[in-house]
Colleague: 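One structure, pasted below without further comment.
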Amino acid sequence: MIWQALIKSVKSDYFKMVPILALAFFMAFIPHINYPYALHVDEWVHIAQSNALLQTGSVFYPDPFPGQESGIISIRLELGYHLILAVFQNISGISWMDIARFFPSINFVFTVLAVYIFAKRMGFGWEAAFFTTLIPTTVGVMGPAFLIPVAMALMFAPLLLYLSFNYKTIWSYLILSIFIPFLVILHAPSAILIIIVLVPFILLGLKDEPKHSLTVTLAISASFLVTQPWTYDLIIAESKFLFVPKPLWTDHDYFQLIPGYGYIPIAFCLIGTFVLAVKGTRKTYSLVGGLLALLAILAVSYTLHYGINNVYFRCLLFAMLMMGIVAGAGLKELRKLDLPWINSYRPTKLRIAQVLLCLTVIGATLTITIPARQAIPYYHMIDKADYEAFVWIRDNVEPSLQKAILDPWKATAFAALTEKRVYTRIHSAPTTISQQTYAFIKSGSTNTTFLLENRISIVYTRIYEGNRNVEYEVNNHDLIKVA
């Protein structure tokens, strides 16, 4: 009796999902293992924006970088994400650095769990969840290991697919009409990509279930009307450049990600695509169609250079999410061998061989993938000395001293931690002003006229120079050294 119960528990998905969810947490935590601060510049931006919202208590908060009041709510296109972070931090009391370090891993666990919930109905829940854990995080494409809106939006894709595929009630349509506009103000490109994934399901249902397809379409369309105050200017601006060829950013090249994502998951994605197409149901066709739609966007952007850059960049992540789900169908076939033309009778030895082969594939995948993830390079914007200095400035420098000049590479983190303004900062590439800033600090910060004209009251002279930090001397008698 005990052995039967043990065998039953081993066969259950719950037994498999515990290590898979632990794997998801670990994969997203890899970049944070030896670094306790936010990593990507976008993470620092979101922390600064969320903190500014929290301090002001209004969606019309001053921009934390130029420090100028803005009453135009349409520029807060990721307001939903900043609101979530601000409320969570305020209620929990957890420090921003702990949120940046642990929240992405926890969020990714829920993303993998959402994939399991969706794919379970289609018969390959834990398999799809396993391959989803392999989505990489890079500096260019980003991913689930960063505190960014698209990482949270990934979780909603399988949940909305699950809702649309399986329910036809007024409540399901209501939830759909609520979550789509929420996604728009959370991360608009992700909302667009999720809708694109839903399009094949809607189109394939027009013949057999027109009411359901039309109602889903109506729920999505109505949600866009609700978000017009946030999205109208963006839609107009981006639509003008939709069919204008533009150079491709090589840092976001999908083909550079293929070795990083893994050849084994891609191989099983191809197998899963074939299997789902052979089964020939509306759901399987829709899943394959959603994946092909995302790959088509990538192909058009990569070869013809048409499209919206932000949608293309984030499409890489959603394509890998869909590839992981479809790869789960391929792994299930390896484990079960239940293709229509395979005889349903399977001898015990064949079953054992299938399980061993499945475990071999999983082991080989992890043996290749985990070291590959650990080898991905990530930049660090600040170190421990910078962090402690910025916190000291926040806690000890009087509030009237509100603007600082410092290493532009560190300025985004400085603004996020000190809640003070900065003269200039580097987000993606150095500018003429940033080069002038470096020259000013390296020359001894001697130009008092420059400081007065720009209302700069704080000078931080520790600059990162490739492989080390250098603290430059200040040769200006008008400045007072405080630390």
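Quick caveat: nothing in here was measured; it's all calculated off a predicted structure.
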Colleague: Please name all residues satisfying side-chain contact (heavy atoms from CB on, under 4.5 Å) with Ile175, sequence neighbours left out, ordered by chain then number.
Modeller: Leu163, Phe179
Colleague: Who passes ring-ring contact (aromatic ring centres under 6.0 Å, His included) against Phe318, sequence neighbours left out?
Modeller: none
Colleague: If the condition is side-chain hydrogen bond (donor to acceptor under 3.5 Å, both in side chains), which residues does Thr365 pass it with, not counting sequence neighbours?
Modeller: none
Colleague: Test side chain to side chain contact (heavy atoms under 4.5 Å, CB included) on Tyr162 and Val115; report intermediate values, then the result.
Modeller: CA-CA 9 Å; Tyr162 173 78; Val115 167; over 6 Å; no
Colleague: Does Thr281 have any side-chain contact (heavy atoms from CB on, under 4.5 Å) partners at least two apart in sequence or in another chain, and if so, which?
Modeller: Lys283, Thr284
Colleague: Given Phe102 and Phe29, is the ring pair (Phe, Tyr, Trp, His ring centres under 6.0 Å) satisfied, shown in steps?
Modeller: CA-CA 7 Å; Phe102 296 104; Phe29 193 67; 5.4 Å; yes
Colleague: Can you check whether Val45 reaches Arg425 side chain to side chain, under 4.5 Å on heavy atoms?
Modeller: yes
Colleague: Kindly say whether the aromatic ring centers of Tyr37 and Trp44 come within a distance under 6.0 Å.
Modeller: no
Colleague: Both conditions, 6.0 Å and 45 degrees, for the charged tip of Arg282 above the ring of Phe201: are they met here?
Modeller: yes
Colleague: Tell me whether Tyr378 at atom OH has more than 12 heavy atoms from other residues, nucleotides or ligands lying less than 6.0 Å away.
Modeller: yes
Colleague: Over all heavy atoms of both residues, which pair between Phe268 and Leu331 is shortest? Give the atoms and the distance, please.
Modeller: CD2-N, 3.6 Å
Colleague: Does the side chain of Leu21 come within less than 4.5 Å of Thr133's, by heavy atoms?
Modeller: no
Colleague: Side-chain contact test, heavy atoms from C-beta onward, threshold under 4.5 Å: evaluate it for Pro144 versus Asn107 and give yes or no.
Modeller: no
Colleague: Determine the interplanar angle of the His82 and His46 rings, folded into 0 to 90°, and report it as parallel if under 30°, tilted if 30 to 60°, perpendicular if over 60°.
Modeller: tilted
Colleague: Can you give me the closest heavy-atom contact between Thr111 and Ala151, atom names plus distance?
Modeller: OG1-O, 4.1 Å
Colleague: Distance check, rounded to the nearest 0.5 Å: Thr137 atom OG1 versus Ile30 atom CD1?
Modeller: 9.0 Å
Colleague: For Leu159, which residues count as a side-chain contact (heavy atoms from CB on, under 4.5 Å) partner, sequence neighbours excluded?
Modeller: Ala114, Met155
Colleague: Angle between ring planes, Phe118 versus Phe165, binned at 30° and 60°: parallel, tilted or perpendicular?
Modeller: perpendicular
Colleague: Please list all pairs passing the salt bridge (Lys or Arg N to Asp or Glu O under 4.0 Å) test where one or both residues lie in residues 155-169, with sequence neighbours left out.
Modeller: Lys168-Glu209
Colleague: Do Leu85 and Leu147 have side chains that approach each other closer than 4.5 Å (heavy atoms only, starting at C-beta)?
Modeller: yes
Colleague: Partners of Phe88 by ring-ring contact (aromatic ring centres under 6.0 Å, His included), sequence neighbours excluded?
Modeller: Phe103
Colleague: Tell me which pairs pass salt bridge (Lys or Arg N to Asp or Glu O under 4.0 Å) where either residue lies in residues 126-139, with sequence neighbours left out.
Modeller: Glu127-Arg335
Colleague: Mind jotting down which residue pairs meet the salt bridge (Lys or Arg N to Asp or Glu O under 4.0 Å) criterion with at least one end in residues 35-47? Sequence neighbours excluded, please.
Modeller: none
Colleague: Say you draw a straight line from CD1 of Ile264 to SG of Cys269; how long is it, rounded to the nearest 0.5 Å?
Modeller: 14.0 Å
Colleague: Could you pull out all residues at least two apart from Tyr464 that satisfy ring-ring contact (aromatic ring centres under 6.0 Å, His included)?
Modeller: none
Colleague: Which pair of heavy atoms, one from Gly123 and one from Lys332, lies closest together, and at what distance?
Modeller: O-CD, 3.2 Å
Colleague: Quick one: pull up CG in Leu154 and OG1 in Thr132 and give me the separation to the nearest 0.5 Å.
Modeller: 9.5 Å
Colleague: Do any pairs count as a side chain to side chain donor-acceptor pair (under 3.5 Å) and have a residue in residues 186-205, sequence neighbours left out, and if so which ones?
Modeller: His187-Ser190
Colleague: Are Phe25 and Phe108 close enough that some pair of their side-chain heavy atoms sits under 4.5 Å apart?
Modeller: no
Colleague: Listing request: all salt bridge (Lys or Arg N to Asp or Glu O under 4.0 Å) pairs with a residue in residues 104-115, at least two apart in sequence or in separate chains.
Modeller: none
Colleague: Taking atom CG of Leu161 and atom CD1 of Ile194, what is their separation to the nearest 0.5 Å?
Modeller: 8.0 Å
Colleague: Fit a plane to each ring of Phe146 and His40, take the angle between them on a 0 to 90° scale, and name the class: parallel (under 30°), tilted (30 to 60°) or perpendicular (over 60°).
Modeller: tilted
Colleague: Can you tell me how far apart CG (Leu83) and CG (Leu54) are? Round to the nearest 0.5 Å.
Modeller: 10.0 Å
Colleague: Do you know which two heavy atoms are closest between Pro265 and Leu134, and how far apart they sit?
Modeller: CG-CD1, 3.5 Å
Colleague: Quick check: closest heavy atoms across Leu287 and Phe124, and the distance to 0.1 Å?
Modeller: CD2-CZ, 4.0 Å
Colleague: Show the numbers, then the answer: is there a side chain to side chain donor-acceptor pair (under 3.5 Å) between His212 and Tyr173?
Modeller: CA-CA 9 Å; His212 182 50; Tyr173 301 131; 2.7 Å; yes
Colleague: Rounded to the nearest 0.5 Å, what's the gap from CG on Leu160 to CD1 on Ile220? Could you check?
Modeller: 8.5 Å
